[in-house]
S.K.: 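Structure provided below as structure tokens; questions to follow.
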Amino acid sequence: MIVVMRHGSTETQIQAVKDTIEKHGLKGHLSEGSERTVIGVVGQIVTALQTEMERLSGVAEVVRISKPYKLSTREFKNGNTIVQVGDAIIGGKDPVVIAGPCAVESEDQIMATAQVVKEQGSKILRGGAFKPRSSPYSFRGMGVEGLKLLAQAGKEFNLPVITEAMAPEDVDVVASYADIIQIGARNAQNFNLLDEVGKLDKPVLLKRGFSSSYEEWLLAAEYVLSGGNSKVILCERGIRTFEPYTRFTVDLAAVPVIKKLSHLPIIVDPSHSTGTWDLVTPIALAAIAAGAHGIIVDVHPNPSMAKCDGAQALSFENFRSMTVQVDSISRAITQANT
Ligand code: PEP
Ligand code: MN
């Protein structure tokens, strides 16, 4: 349910609405747009609350949200959510490139990569420290040591950093080094983990589970939003289909669909979705052309020696070439939209 306030409603009136919501044991989520102030109410709503709300001064109307996801729908918020981290603005007009190795492997590897990422004008550095691997025998990341190296590289090159948290008990330590917390595809419906990152005041990149429908994905986002963290970025990273040629099937329709359904920013991962380096650039370009707010790509100084996902990693040379092409597609799209 959303409570739409009248133009010029006062702080006191807004507070009275919030107090009433809390009196019913529910939580109010404020969204102050340029057009209107709305308060989203989530939880088990009784009709009595709706009628009580309608009588409060300053309230223009009370509307039930038809979708199961409440805070991520455009019914709750009309404008786009913009997540800012350092110089990077995700959800605005210009797409943002997030790049770096799949996993942090050594100081030399992350430093060399960060330097190229910075040189190419990408805004955010990625690097996994806690790695979810299909096999327990694969390299599972450097853990806290990896977080430290990533943060060091971010500091050295003035780049915000993103890395994955795999378990609720790791969230605090990951958040102490990272500027954005990634929730991976395998944890997209780990509700305890989603609850935990919902308590942070730090952006969360939520990957789509590879068997999640749009609705399930937005409901996963809802866990973070309803915990009080409004800085959620969605990431399409491919889904499982019958096609074995690519690692996953990239669902680029997710970009316009999610933009229609939700105010949250959406980016695309052309690396984990295709699994093959020479498919990364075409899918990156297609993602930008489809209106994605950014891409997240794997880059490695020496892909053939990578400890994790080397087949999909761009070499520095490939990455430079991709950046040039992404920039020109971005410019063309911006021009076409003006
Ligand atoms: C990753 O980005 O490092 C990763 C493991 O991605 P995904 O969760 O999409 O597989
Ligand atoms: Mn990977």
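Note: hydrogens, waters and symmetry copies are ignored here, and every other heavy atom, side chains too, is used. Whatever order the structure lists them in is the order used to number ligands and atoms, beginning at 1.
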S.K.: Quick test of your reading: applying salt bridge (Lys or Arg N to Asp or Glu O under 4.0 Å), list the pairs with at least one residue in residues 161-170, sequence neighbours left out, ordered by first then second residue.
M.R.: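 Every pair satisfying salt bridge (Lys or Arg N to Asp or Glu O under 4.0 Å) with a residue in residues 161-170: there are none.
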S.K.: Is there side-chain contact between Ile21 and Met53, with at least one heavy-atom pair below 4.5 Å?
M.R.: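 Side-chain contact under 4.5 Å: yes.
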S.K.: Would you say Lys118 and Asn158 make side-chain contact, with heavy atoms under 4.5 Å?
M.R.: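 Side-chain contact under 4.5 Å: yes.
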S.K.: Students should find this: residues with any non-hydrogen atom under 4.0 Å from ligand 1. What is the answer?
M.R.: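 Protein residues near ligand 1 are Arg126, Lys131, Glu164, Gln182, Gly184, Ala185, Arg186, Lys207, Arg237, His272.
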S.K.: With the side chain counted from C-beta on, respond yes when Arg74 and Leu261 share a heavy-atom pair under 4.5 Å apart, and no when they do not.
M.R.: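 Contact flag for Arg74/Leu261 side chains = no.
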S.K.: Using a cut-off of 2.8 Å, how many protein N, O or S atoms sit around the Mn ion (ligand 2)?
M.R.: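 Excluding waters, the total comes to 3.
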S.K.: Are the charged groups of Arg208 and Glu236 less than 4.0 angstrom apart, N to O?
M.R.: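 Between Glu236 and Arg208 there is a salt bridge, with a charged N closer than 4.0 Å to a carboxylate O.
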S.K.: Cationic tip of Arg237 within the cone over Phe248's six-membered ring, i.e. under 6.0 Å and within 45° of the normal?
M.R.: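 Yes - Arg237 lies over the ring of Phe248, closer than 6.0 Å to its centre and within 45° of its axis.
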S.K.: Any side chain to side chain donor-acceptor pair (under 3.5 Å) involving residues 324-338? Give me the pairs, sequence neighbours left out, ordered by first then second residue.
M.R.: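 For residues 324-338: Ser321-Gln325.
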S.K.: Please check if any side-chain donor atom of Gln152 sits under 3.5 Å from a side-chain acceptor atom of Glu107, or the reverse.
M.R.: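 There is such a pair (donor and acceptor under 3.5 Å, judged by atom type) between the side chains of Gln152 and Glu107.
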S.K.: In terms of side-chain geometry, is the basic nitrogen of Glu75 or Lys70 positioned less than 4.0 Å from the acidic oxygen of its partner?
M.R.: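 Between Lys70 and Glu75 there is no salt bridge, as every charged N stays at least 4.0 Å from the carboxylate O atoms.
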